[in-house]
> 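Below you'll find the structure I mean.
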Amino acid sequence: AVALRADALVRLGCALATATVGDDHGLDALQASGLDLVAALVGRLGAVADPDAPDDAALLQQYASQLGAAARCGLGAARPTPNVVAARACVERMAEAGLLADAAAWKRLLRVAASTPSLSKPDDDASALAPGGDDGAADDVANHVARLGLLATASLRGTSRAAVPDIGRFRRRWLAVAKDGARFLAKERRAGGPYDADAFAGAYFDVGAGACYDGRADAAGVRRALVDALPACCAAAAAVAAAPGDDAVLGDDALLGRALI
C-alpha cells in the first residue's frame with residue numbers, strides 16, 4: 001500500500017515541479033508547489049525500504065532520476081527565487097536519503113545550479129562576487145545566495161567533489177555570503193531584536209537600495225537566504241585552501257568566527 005501511494009505521489013510531485021505551458025514557459029507557482037511536495041515526500045519516505053526489493057533498497061531509489069529531473073527544473077538559470085529555494089531543499093533531502101550517490105547526478109544538478117551569468121564568471125573577476133550580470137542588470141540577490149548555499153552544501157560531500165573537481169572555485173563567493181550573513185546577525189544582536197533589513201548594506205550583498213541591485217532586492221528574502229546559506233558557506237570556504245589575493249579582496253577572515261557563534 002505504501003509503495004502504491006508513493007508511486008502516485010512521486011508522479012504527481014514531479015509532474016507539478018516540471019509543469020509548463022507549451023515547450024518552455026514554466027508555471028512558476030505550480031512548479032514551486034510541486035518541488036515542495038517532492039521535498040516533503042523525500043523527507044518522509046527517504047528512509048523507507050522497498051517491500052518488493054530483495055536487498056532492502058530504498059523505496060524512492062527507483063524514482064531517483066525523476067526526482068533529480070524535478071530538482072534540475074527548479075534550478076534553471078531563469079527560475080525565480082521560490083523555485084530555487086524549493087529545489088535546494090529537494091536536493092538536500094535527496095542527498096540525506098542517499099538518492100544522489102551517483103557522481104553523474106551531482107554533476108548534472110550542479111551544472112544547472114551554477115548556470116547563471118554571474119556564477120559562470122571566473123572567480124578572479126572581482127565582479128563575480130556580486131550577482132550583477134555582464135549587462136549590468138542585477139540578478140535576484142536571494143536567488144544568487146540560495147544557489148551559492150546549495151553549491152557549498154554539495155562541496156562538502158565527497159561524491160559531488162568527484163563529479164565537479166573545480167567546485168572550490170566558489171570559495172570567494174562563499175566567503176562573501178558568510179561575512180555578510182555574519183554582519184547582519186551581528187547588527188541584529190547589537191539591536192537586541194529584529195534588525196531593519198531594508199537598512200542593511202553588506203560588503204557584497206546589499207539589501208537596500210544599493211547600486212548593485214537597483215533597489216529591487218527583497219530585503220526579508222535576502223536576510224533569510226543569507227542566514228540559511230551561512231553555515232554551509234562557512235564550512236565550505238574553510239575546507240578549501242585560500243587562493244592568492246583572497247584576503248585582499250574579502251578582508252578579515254575573523255568574521256567567519258563571528259558567523260559561527
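Computation of the quantities below employed the complete heavy-atom set of this structure, encompassing side-chain atoms and omitting hydrogens, waters and symmetry-equivalent molecules. For clarity, every value in this text was computed on a predicted model and none was experimentally measured.
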> Can you get from Tyr63 to Leu100 by hopping between Ile, Leu, Val, Met, Phe, Trp and Tyr side chains that sit under 4.5 Å apart?
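Same cluster.
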> Within a strict 4.5 Å, meaning less than it, do heavy atoms of the Cys233 and Leu175 side chains meet?
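They are not in contact (no side-chain heavy atoms under 4.5 Å apart), so the answer is no.
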> Do Ser155 and Trp174 have side chains that get closer than 4.5 Å, going by heavy atoms?
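Yes, their side chains come closer than 4.5 Å.
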> Quick one: closest heavy-atom pair of Ala86 and Asp36, and the distance?
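Between these two residues, the closest heavy atoms are CB-OD1, 3.5 Å.
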> Given side chains that start at C-beta, do those of Val48 and Leu60 come closer than 4.5 Å, heavy atoms only?
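The answer is no, as the side chains (C-beta and beyond) never meet within the 4.5 Å cut-off.
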> Between the side chains of Gln31 and Arg79, is a donor N or O closer than 3.5 angstrom to an acceptor N or O?
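Looking only at side-chain atoms, Arg79 and Gln31 do form a donor-acceptor pair, the distance falling under 3.5 Å.
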> Identify the two heavy atoms, one from Leu119 and one from Ala114, that lie closest to each other, and give their separation to 0.1 Å.
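Looking at all heavy atoms of both residues, the shortest contact is CB-O, 3.8 Å.
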> Atom OG1 in Thr81, atom CZ in Arg224: separation rounded to 0.5 Å?
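With rounding to 0.5 Å, OG1 (Thr81) is 10.0 Å from CZ (Arg224).
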> Could you walk me through whether Leu67 and Cys90 satisfy the side chain to side chain contact (heavy atoms under 4.5 Å, CB included) test, starting with their C-alpha distance in whole Å, then the side-chain angles of each, then the deciding distance to 0.1 Å, before giving a yes or no?
CA-CA 8 Å; Leu67 296 170; Cys90 287; over 6 Å; no
> Looking only at heavy atoms, which two atoms of Cys14 and Ala70 are closest? And how far apart?
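For Cys14 versus Ala70, the nearest heavy atoms are SG-CB, 4.2 Å.
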> Kindly give the heavy-atom pair with the smallest separation between Ala104 and Asp102, and that separation in Å.
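Residues Ala104 and Asp102, closest heavy atoms: N-OD1, 3.0 Å.
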> Which distance, rounded to the nearest 0.5 Å, do you find between the CG of Leu156 and the CD1 of Ile167?
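These two atoms lie 8.5 Å from each other.
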> For residues Phe170 and Val91: do they belong to one hydrophobic cluster (side chain heavy atoms under 4.5 Å, members Ile, Leu, Val, Met, Phe, Trp, Tyr)?
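Yes; Val91 is reachable from Phe170 via cluster members.
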> Are Met94 and Val85 connected, step by step, through hydrophobic side chains (Ile, Leu, Val, Met, Phe, Trp, Tyr) whose heavy atoms are closer than 4.5 Å?
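Looking at the clustering, Val85 is in a separate group from Met94.
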> So, for Leu59 and Ala6, which heavy atoms are closest and what is the spacing to 0.1 Å?
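So the minimum-distance heavy-atom pair works out to CD2-CB, 3.8 Å.
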> How far does OG1 of Thr20 sit from CG of Asp28, to the nearest 0.5 angstrom?
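Going from the OG1 atom of Thr20 to the CG atom of Asp28 covers 11.5 Å.
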> Roughly how far, to the nearest 0.5 Å, is CZ of Arg157 from CD of Glu92?
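Going from CD on Glu92 over to CZ on Arg157, the span is 8.0 Å.
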> Please tell me if the side chains of Gln61 and Asp50 come closer than 4.5 Å, counting only heavy atoms from C-beta onward.
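No, their side chains stay 4.5 Å or more apart.
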> Hey, are the side chains of Leu16 and Val38 touching, using non-hydrogen atoms and a 4.5 Å cut-off?
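When only atoms from C-beta onward are counted, Val38 and Leu16 do not touch, as no gap falls below 4.5 Å.
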> Ion pair present between Asp228 and Arg88, side-chain N to carboxylate O less than 4.0 angstrom?
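Salt bridge between Asp228 and Arg88, a charged N being under 4.0 Å from a carboxylate O: no.
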> Would you call His144 and Val177 a side-chain contact if the rule is heavy atoms closer than 4.5 Å?
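The answer is no, as the side chains (C-beta and beyond) never meet within the 4.5 Å cut-off.
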> Are the side chain of Arg93 and the backbone N or O of Ala39 linked by a donor-acceptor pair below 3.5 Å?
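Pair found, side chain donor or acceptor close to backbone of Ala39.
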> Report yes if the side chains of Asn83 and Asn143 come closer than 4.5 Å at any heavy-atom pair, otherwise no.
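A side-chain contact is absent here, since even the closest heavy-atom pair is not under 4.5 Å.
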> For a quick test of reading the model, state the closest non-hydrogen atom pair linking Gln66 to Gln62 and the distance between them.
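Looking at all heavy atoms of both residues, the closest pair is OE1-O, 3.6 Å.
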> Within a strict 4.5 Å, meaning less than it, do heavy atoms of the Asp180 and Arg183 side chains meet?
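Result yes, sub-4.5 Å side-chain heavy-atom pair found.
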> Treating Ile, Leu, Val, Met, Phe, Trp and Tyr as nodes and any side-chain heavy-atom pair under 4.5 angstrom as an edge, say whether Leu35 and Val84 lie in one connected cluster.
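No, because Leu35 and Val84 fall into different hydrophobic clusters, even though each may have its own neighbours under 4.5 Å.
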